[in-house]
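The sequence lines fix the lettering, A, B, ..., with proteins before strands; numbering per chain opens at 1. Keep in mind that this is a model prediction, so the values were computed, not measured. Just so you know, these numbers use all the heavy atoms, side chains as well, and skip hydrogens, waters and symmetry mates.
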Amino acid sequence: MRLSQYFLPTLKEDPKEAEIASHRFMLRAGMIKQNGAGIYTWLPMGLRVLRKIENLVRYHQDSVGAHECLMPTIQSADLWKESGRYDAYGKEMLRITDRHDREMLYGPTNEEMITDVFRSYIKSYKDLPKNLYHIQWKFRDEIRPRFGVMRGREFLMKDAYSFDLTKEDAVYSYQKMFLAYLKTYTSLGLRVIPMKADTGPIGGDLSHEFILLAETGESEVYVDEKWMDMDLSGKDVFYKSRGQLDKFFKEMTSVYAATDETHDGVGAPANLVKTRGIEVGHIFYFGTKYSESMKALVQNKEGKTVPVEMGSYGIGVSRLVGAIIEANHDDAGIKWPASVAPYNVGIINLKVSDEETTCVCEELYKNLQAANVDVLYDDRDTNAGGKFADMDLIGLPWQVIVGPRGLKSGVVELKKRATGEKHEVSLESVMNTLTTDIKDITQGF
RNA sequence: CGGAGUGUGGCGCAGUCUGGUAGCGCACUCGCCUGGGGGGCGAGGGGUCGCAAGUUCAAGUCUUGUCACUCCGACCA
């Protein structure tokens, strides 16, 4: 993409409403525009990142046998009356009426709806297990939205729902998701720690929050120092091997990690680290809470009708955009992990009016595109300073800096955004370095 | 919802106390210079001062109401 043709409204100054780094940088880097409290437009650059995250989440859900569907944003109140949550949910639920005065709502979550989908078709234990998920916009009318997309009212969420005959099977489904979650976060370039969570009003007795450690995190967390250098990727674990998965799950959940709410000091190790974190996922086993009230029943082997065992598994996709920035930035801007970067490489043309410089840039731009590298080419006819600043701000993993000075000796500058390392390299080796690096990324998950 | 603030050109702000020509920086347009970390000179365009009533000869400024947004708290992915 040529920057001169693109829609990338970067801001030089900090918008006054943005307090934390991710919010500030998302506004400044032209990723989002606020339309109301906790409601945002995703501009082209922001949308690219959102989509990349979404696709990685999707990939890992599919990998453990979950099936994607897409449920509506607007739901009928009837289902919620059935489950009893229409009254229980309170003001967070945005309630609306249609022209016939029917009670509707903008979905804050989808347990009722998915249960209704399930019960309409599945009647036998032979059709179990099933896991259905969707990635959809939700709305919760938070009292006080804040921190940009980290705590918006409208947000993109992946929600999966598992259906099993027995509790034992439901636990297996839970563990599969647990594994998928760790793989997902690893692919996003994040270290995320599973923590035993309070099951709250939803009930059930098995629940984990997935917490990204970050100083600007919303809640205090207490973790065993061991987590800091543990392998969290689950890369050697195959979900179909139930024994292997169970062993992995037990390993991961035996090391101490607790949020503020669940930390009581009991069983805490000596080498406890107190830090802060951002919740980027939450999984629940809740048994028959909805299947009983909503009559999602199947017949078991004995011909007896029983409610299905359910679990739900959420990942805040839009929130992750902010969370990733919280974990990956410096004073100048964002430092995208390669797998979610909006573009892999940015080319900076330092002097558009210089024929050779522009010629080299064009050539490089063409070649990188031909090599399947997502490249953003800053071909704007402006001064260098602004280009450097913008490129650092938007945080692409690699920058190729091309100017007359270097070209005199046949080199360009290659800069790695994450570390700030800069090297003068020949044109040929630029192509090599970049295409090899990109290949590594795309094979990474 | 309790507490605290803010609404003035696209963005960031001054002007409001003490009513009297609506201003600054950046951005934008045109021209020239410049060209390796937000550059320089010159010439321009753009604002019913959130909205509505009221007081006044006169309201960005005073009064009342209202809306929006932000921050702290309780709540939450």
Side-chain angles (χ1 to χ4, degrees), chain A residues 9-20 23-24 27-28 30 33-39 57 89-93 108-110 135-159 181 192 197-198 200-202 207-212 217-219 259-261 277-284 312-323 331-333 348-354 357-358 378 380-393 399 401-408 411-413 415 420 422 424:
Chain A
T10 56
L11 306 173
K12 194 155 144 187
E13 287 170 285
D14 284 336
K16 64 173 171 190
E17 71 270 20
E19 287 289 307
I20 61 167
H23 190 194
R24 226 171 51 227
L27 290 166
R28 282 193 51 204
K33 171 183 164 48
Q34 179 166 347
N35 298 107
I39 299 175
V57 168
Y89 218 92
K91 288 192 162 177
E92 275 192 3
M93 181 188 278
T109 183
N110 288 70
I135 299 174
Q136 178 62 291
W137 291 93
K138 307 196 165 186
F139 194 92
R140 290 185 195 167
D141 198 359
E142 299 284 345
I143 300 167
R144 183 147 100 85
R146 64 182 107 176
F147 305 147
V149 298
M150 296 252 288
R151 235 333 246 303
R153 289 195 292 175
E154 190 182 46
F155 54 96
L156 187 62
M157 180 104 181
K158 187 282 299 178
D159 260 338
Y181 271 46
V192 171
D198 201 348
I202 298 185
S207 174
H208 286 88
E209 287 179 12
F210 290 80
I211 307 278
L212 171 67
E218 65 212 323
S219 49
T259 60
D260 214 8
E261 301 89 56
I278 301 165
E279 183 180 344
V280 289
H282 199 160
I283 61 178
F284 277 104
S312 78
Y313 314 87
I315 289 184
V317 177
S318 50
R319 157 175 277 209
L320 267 168
V321 180
D331 288 347
I348 297 179
N349 182 333
L350 287 177
K351 192 173 177 182
V352 173
S353 59
D354 182 79
T357 304
T358 295
D378 192 346
R380 295 173 300 176
D381 189 8
T382 60
N383 284 299
K387 296 188 178 190
F388 285 124
D390 273 348
M391 203 55 91
D392 283 347
L393 176 64
Q399 299 175 12
I401 300 158
V402 184
R405 210 155 79 193
L407 289 180
K408 259 182 206 146
V411 297
V412 298
E413 199 168 45
K415 175 174 165 182
K422 286 196 260 189
E424 296 207 318

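To the nearest whole angstrom, the two C1' atoms, one in C11(B) and one in G46(B), are 14 Å apart. Annotation: C26(B) and G42(B) have their P atoms spaced 12 Å apart (nearest Å). Comparing the C1' positions of A14(B) and C49(B) gives an interatomic distance of 13 Å, to the nearest angstrom. For U18(B) and U63(B), the P atoms lie 10 Å apart once the distance is rounded to whole Å. Comparing C67(B) with U56(B), their P atoms are spaced 27 Å from each other, to the whole Å. Going from the P atom of U70(B) to that of C13(B) covers 14 Å, rounded to whole Å. Only the C1' atoms considered, G45(B) is 25 Å distant from G7(B), to the nearest whole Å. Between U29(B) and C69(B), the two P atoms lie 31 Å apart (nearest whole Å).
Counting any heavy atom pair closer than 4.0 Å across all strands shown, Gly385(A) reaches sugar-phosphate atoms only and no base atom. Counting non-hydrogen atoms under 4.0 angstrom, Glu209(A) reaches nothing in the nucleic acid. Contact annotation for Gly152(A): base contact, defined as any heavy-atom pair under 4.0 Å involving a base atom. Within the nucleic acid shown, Gly314(A) has no heavy atom closer than 4.0 Å to any nucleic acid atom. Counting any heavy atom pair closer than 4.0 Å across all strands shown, Ala37(A) reaches sugar-phosphate atoms only and no base atom. Residue Gly406(A) is in base contact, counting any heavy-atom pair closer than 4.0 Å across all strands shown. Glu17(A) comes within 4.0 angstrom of the backbone, heavy atoms only, and of no base. Within 4.0 Å (heavy atoms only), Ile401(A) reaches at least one base atom of the nucleic acid. Among the heavy atoms of the strands lying under 4.0 Å from Glu279(A) are primed sugar atoms or P, OP1, OP2 only; no base atom is included. Residue Thr382(A) is classed as a base contact, given a heavy-atom separation below 4.0 Å to a base. At the heavy-atom level, Lys422(A) lies under 4.0 Å from base atoms of the strands shown. If you check every strand for non-hydrogen atoms under 4.0 Å, Asp381(A) touches a base.
Residue Arg140(A) has its side chain nearest to A77(B) when only A77(B), C75(B), G36(B) are considered. You'll find that the side chain of Arg405(A) is closest to G36(B), out of C75(B), G36(B), G38(B). Of the candidates C11(B), G73(B), C76(B), the closest approach to any side-chain atom of Ile143(A) belongs to G73(B). When distances are taken from the side chain of Ser353(A) to each of A27(B), C76(B), G35(B), the shortest belongs to G35(B). Of all nucleotides listed (G12(B), C76(B), C71(B)), C76(B) comes nearest to the side chain of Glu142(A). For Arg146(A), taking side-chain heavy atoms from C-beta onward, the closest of the listed nucleotides G12(B), A74(B), G36(B) is A74(B).
The closest side-chain donor-acceptor pair between Thr10(A) and Asp390(A) falls under 3.5 angstrom. No donor-acceptor contact under 3.5 angstrom links the side chains of Asn349(A) and Thr357(A), judged on distance only.
Both distances falling under 3.5 Å, in either a Watson-Crick or a G-U wobble arrangement, place G25(B) opposite C11(B). The nucleotide U16(B) finds no pairing partner, because no Watson-Crick or G-U wobble arrangement with both distances shorter than 3.5 Å includes it. Pairing partner, C41(B): G31(B), with both Watson-Crick or wobble hydrogen-bond distances short of 3.5 Å. Within the shown strands, nothing qualifies as a pairing partner of C49(B) under the Watson-Crick or G-U definition with both distances less than 3.5 Å. Searching all strands for a Watson-Crick or G-U wobble partner of U55(B) with both distances below 3.5 Å returns nothing. Shown here, A77(B) forms no base pair; nothing in the strands shown gives a Watson-Crick or G-U wobble contact with both key distances under 3.5 Å. Across all strands shown, the partner of C69(B) is G5(B), judged by Watson-Crick or G-U wobble contacts whose two distances both fall under 3.5 Å.
Going from atom CZ of Arg144(A) over to atom P of G73(B) covers 7 Å, rounded to whole Å. As a whole-Å value, the separation of Met391(A) CE from G38(B) P is 16 Å. Rounded to an integer number of Å, the gap from Gln34(A) CD to C11(B) P is 12 Å. In this structure, Tyr89(A) places its OH atom 15 Å from P of C75(B), rounding to the nearest Å. Atom CD in Glu154(A) sits about 14 Å away from atom C1' in A77(B), given to the nearest Å. The nearest whole Å value for the distance from the CG atom in Leu27(A) to the P atom in G12(B) is 10 Å. Per the geometry, CH2 belonging to Trp137(A) stands 17 Å off P belonging to A77(B), to the nearest Å. As a whole-Å value, the separation of Asp378(A) CG from G36(B) P is 14 Å.
Within the model, atoms CZ of Phe155(A) and CH2 of Trp137(A) stand 10.0 Å from one another, a figure rounded to the nearest 0.5 Å.
In summary, Lys415(A) and Asp392(A) engage in a salt bridge, as defined by a charged side-chain N under 4.0 Å from a carboxylate O. With respect to the salt-bridge test (charged N to carboxylate O, under 4.0 angstrom), the residues Arg28(A) and Asp14(A) qualify.
Place Asp390(A) and Phe147(A) on RNA chain B by their nearest nucleotides, and Asp390(A) ends up nearer the 5' end. Of the two residues contacting RNA chain B, namely Lys415(A) and Ala18(A), the nearest-nucleotide position lying further toward the 5' end is that of Lys415(A).
Considering Leu407(A), Ile348(A), Ile401(A) as possible partners of Val412(A), the one that fulfils the side chain to side chain contact (heavy atoms under 4.5 Å, CB included) test is Leu407(A).
When the side-chain nitrogen and oxygen atoms of Lys387(A) are compared with OP1 and OP2 of G38(B), none of them lie within a distance under 4.0 Å.
With hydrogens and angles ignored, no donor-acceptor pair closer than 3.5 Å exists between the side chain of Asp14(A) and the base of G12(B).
Both stacking criteria are satisfied for Phe155(A) over the base of A77(B): a centre-to-centre distance under 5.5 angstrom and an angle between ring planes under 30 degrees.
Using cut-offs of 30° and 60° on the angle between ring planes, the pair Phe284(A) and His282(A) is parallel.
Here the side chain of Tyr181(A) pairs a donor or acceptor atom with the backbone of Tyr313(A) at under 3.5 angstrom.
Here the side chains of Arg151(A) and Glu142(A) are in contact, with some heavy-atom distance below 4.5 Å.
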